[in-house]
2 protein chains.
Amino acid sequence: MPTVSSEELAAAAGVNSAKLRKDFSYLGSYGTRGVGYDVEYLVYQISRELGLTQDWPVVIVGIGNLGAALANYGGFASRGFRVAALIDADPAMAGKPVAGIPVQHTDDLEKIIQDNGVSIGVIATPAGAAQQVCDRLVAAGVTSILNFAPTVLNVPEGVDVRKVDLSIELQILAFHEQRKAGEEAAADGALPGAAAAAARKAAADQGPDGDVPAVMPA
Amino acid sequence: MPTVSSEELAAAAGVNSAKLRKDFSYLGSYGTRGVGYDVEYLVYQISRELGLTQDWPVVIVGIGNLGAALANYGGFASRGFRVAALIDADPAMAGKPVAGIPVQHTDDLEKIIQDNGVSIGVIATPAGAAQQVCDRLVAAGVTSILNFAPTVLNVPEGVDVRKVDLSIELQILAFHEQRKAGEEAAADGALPGAAAAAARKAAADQGPDGDVPAVMPA
DNA sequence: CTGTGTGAACATCTTCACAGCT
DNA sequence: AGCTGTGAAGATGTTCACACAG
């Protein structure tokens with residue numbers, strides 16, 4: 001399949017074809033009228049724009065169950081991420097290989113960051129250690145941090161942090177599950193009309209993709 | 001602090017106070033004019049609406065590193081989730097306790113679901129096993145599935161699936177990182193004006209919260 | 001003729017600003 | 001006087017529909 005139309009891609013992604021074309025148009029005019037998009041060329045252009053063609057060395061700090069799971073996660077390599085180092089505070093872990101990579105001790109954190117030119121760090125430590133690890137990563141030159149620890153991190157201007165809370169997705173499922181159960185029971189007045197209407201509408205969107213309001217704090 | 005104003009909450013959450021008030025208003029009129037919101041009452045109302053006051057038994061299928069990490073994750077209990085059972089296909093795992101809960105064998109999946117009245121399942125298996133596990137969960141009565149396996153699951157109408165791809169967040173960080181690096185180098189024409197403008201704007205939003213376009217497939 | 005690229009119309013979301021309750 | 005709750009205005013996002021390139 002050398003070429004693909006916006007219509008086909010839209011159907012596959014479950015969106016409107018006009019939206020897809022408009023989104024693509026922000027990247028440039030990579031399609032051919034009357035024909036569609038050249039698959040290989042399109043994949044390359046999107047990959048480049050998203051930064052997938054670059055090599056991104058990352059370090060994972062905190063090699064517990066989650067850190068190990070991340071180190072073993074296959075999806076990283078295919079998206080340009082290379083696990084440059086695993087770091088843990090437990091001296092007993094030092095030297096032990098996880099996912100084929102020897103764990104190094106926190107003492108060498110700064111040196112590891114600098115030697116590998118790492119700018120993205122993943123924090124998978126317990127909550128108590130996260131801020132301290134974060135500060136050291138930032139001081140050593142890391143400018144993007146993915147935080148799995150259940151804490152809000154304070155970082156200086158210019159450093160990006162994204163927090164992943166594994167329970168939020170479950171919460172969204174539970175929210176919809178709750179409404180599946182109480183569908184017609186809504187007549188008992190438990191939900192004040194507007195909320196019921198808003199919720200009904202959210203559920204009508206395809207699947208449970210209506211996220212929790214942006215206002216809800218993590 | 002018995003009471004709190006929309007202004008205070010908005011500042012804490014980093015949003016506009018009008019937005020916060022409007023969002024709250026969809027749940028009902030729980031504030032007092034001239035005073036603010038009663039903290040305890042507000043927390044209860046939001047919790048109830050989100051389903052946090054209910055007890056949600058969940059099963060985790062696939063007790064590798066990720067499954068174990070999830071089983072140990074503290075955030076679940078505080079949000080009404082109870083890990084009712086851990087299930088794995090490896091007979092050697094059966095009976096071994098993880099996070100204080102004995103792992104059970106996949107053979108008993110249907111019985112476990114039914115005995116515990118489970119309606120939410122978490123899939124943390126390898127990609128190859130995910131669809132099969134999903135089918136069995138659905139057949140046994142599960143109606144919401146959180147999928148960590150890197151596959152798209154097919155489910156019948158009425159079943160909700162949410163997919164978590166741990167590399168997407170990293171990808172978003174890398175995207176912004178890429179633009180931090182090539183900020184003024186954009187003059188070399190690598191980015192077609194519109195995309196550069198759109199990207200610049202997204203970055204100007206607080207933090208890296210500008211997500212990847214909805215169109216991008218997982 | 002087919003299917004992109006895009007102004008214009010429409011829809012949704014956010015913010016403003018203020019009436020009205022406490 | 002202070003702060004909510006909410007219409008109306010403004011901003012942003014999505015879809016329509018069609019001119020035009022191949």
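Per chain, numbering begins at 1; letters A, B, ... match sequence-line order. In what follows, every heavy atom counts, from backbone to side chain, and hydrogens, waters and symmetry copies are set aside.
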From dG5(D), dC16(C), dT4(C), pick the nucleotide closest to the side chain of Arg21(B)? dG5(D)

Can you tell which of dG5(D), dT15(D), dG5(C) lies closest to the side chain of Ser25(A)? dG5(C)

Lys19(A) side chain, from C-beta outward: closest of dC16(D), dT14(D), dT15(C): dT14(D)

Going by heavy atoms closer than 4.0 Å, what residues in residues 4-12 of chain A are next to DNA chain C? Ser5(A), Ser6(A)

Under 3.5 Å, which protein N or O atoms sit close to an N or O of nucleotides 19-22 of chain D? Give each pair with its distance.
unit_1, atom_1, unit_2, atom_2, d
dC20(D), O2, Arg33(A), NH1, 3.3

One pair to check against side chain to side chain contact (heavy atoms under 4.5 Å, CB included): Lys180(B) and Ser119(A). What are the steps and the verdict? CA-CA 11 Å; Lys180(B) 280 184 207 163; Ser119(A) 57; over 6 Å; no

Provide, to the nearest angstrom, the distance between the CG atom belonging to Asn16(B) and the C1' atom belonging to dA11(D). 13 Å

Please state how far atom CG in Asp23(B) lies from atom C1' in dT15(C), giving the value in whole angstrom units. 12 Å

Give the rounded distance in Å between these two atoms: CG of Leu27(A) and P of dG5(C). 11 Å

Are Ile112(A) and Val118(A) side-chain neighbours, meaning at least one heavy-atom pair lies under 4.5 Å? no

Given axes from five pairs at either end, by how many degrees does the helix from dC1(C)-dG22(D) to dT22(C)-dA1(D) bend, rounded to 10°? 10°

Starting at CG of Leu42(B) and ending at C1' of dC3(D), how long is that distance when rounded to a whole Å? 14 Å

What's the verdict on side chain to side chain contact (heavy atoms under 4.5 Å, CB included) for Thr32(A) and Asp38(A), showing C-alpha distance, side-chain angles and the deciding distance? CA-CA 8 Å; Thr32(A) 309; Asp38(A) 180 88; over 6 Å; no

For Tyr37(B) and dG5(D), is the shortest distance between a side-chain N/O and OP1 or OP2 below 4.0 Å? yes

Given 3.5 Å as the limit, does a donor-acceptor pair link the side chain of Thr106(A) with the main chain of Ala89(A), or not? yes

Would a distance-only check, ignoring hydrogens and angles, find a side-chain to backbone donor-acceptor pair under 3.5 Å from Arg79(B) to Leu170(A)? no

Rounded to whole angstroms, how far apart are NZ on Lys22(B) and P on dG7(D)? 7 Å

Ignoring hydrogens and geometry beyond distance, is a side-chain donor-acceptor pair present between Tyr73(A) and Asp165(B) at under 3.5 Å? yes

For the pair made of CZ in Phe24(A) and C1' in dT6(C), what is the distance, rounded to whole Å? 16 Å

Is a side-chain donor or acceptor of Gln178(A) paired with a backbone partner of Leu52(B) at a separation under 3.5 angstrom? no

Chi angles and distances behind the side chain to side chain contact (heavy atoms under 4.5 Å, CB included) call for Ile145(A), Cys134(A): CA-CA 8 Å; Ile145(A) 290 178; Cys134(A) 172; 3.6 Å; yes

Step by step, work out the side-chain hydrogen bond (donor to acceptor under 3.5 Å, both in side chains) result for Tyr41(B) and Gln45(B). CA-CA 6 Å; Tyr41(B) 185 54; Gln45(B) 289 297 348; 3.3 Å; yes

With side chain to side chain contact (heavy atoms under 4.5 Å, CB included) as the test, would you mind laying out the steps for Leu137(A) and Leu109(A) before giving the verdict? CA-CA 8 Å; Leu137(A) 287 173; Leu109(A) 188 146; 3.9 Å; yes

Using modelled atom types and a 3.5 Å cut-off, is there a donor and acceptor pairing between side-chain atoms of Gln131(B) and backbone atoms of Asn154(B)? yes

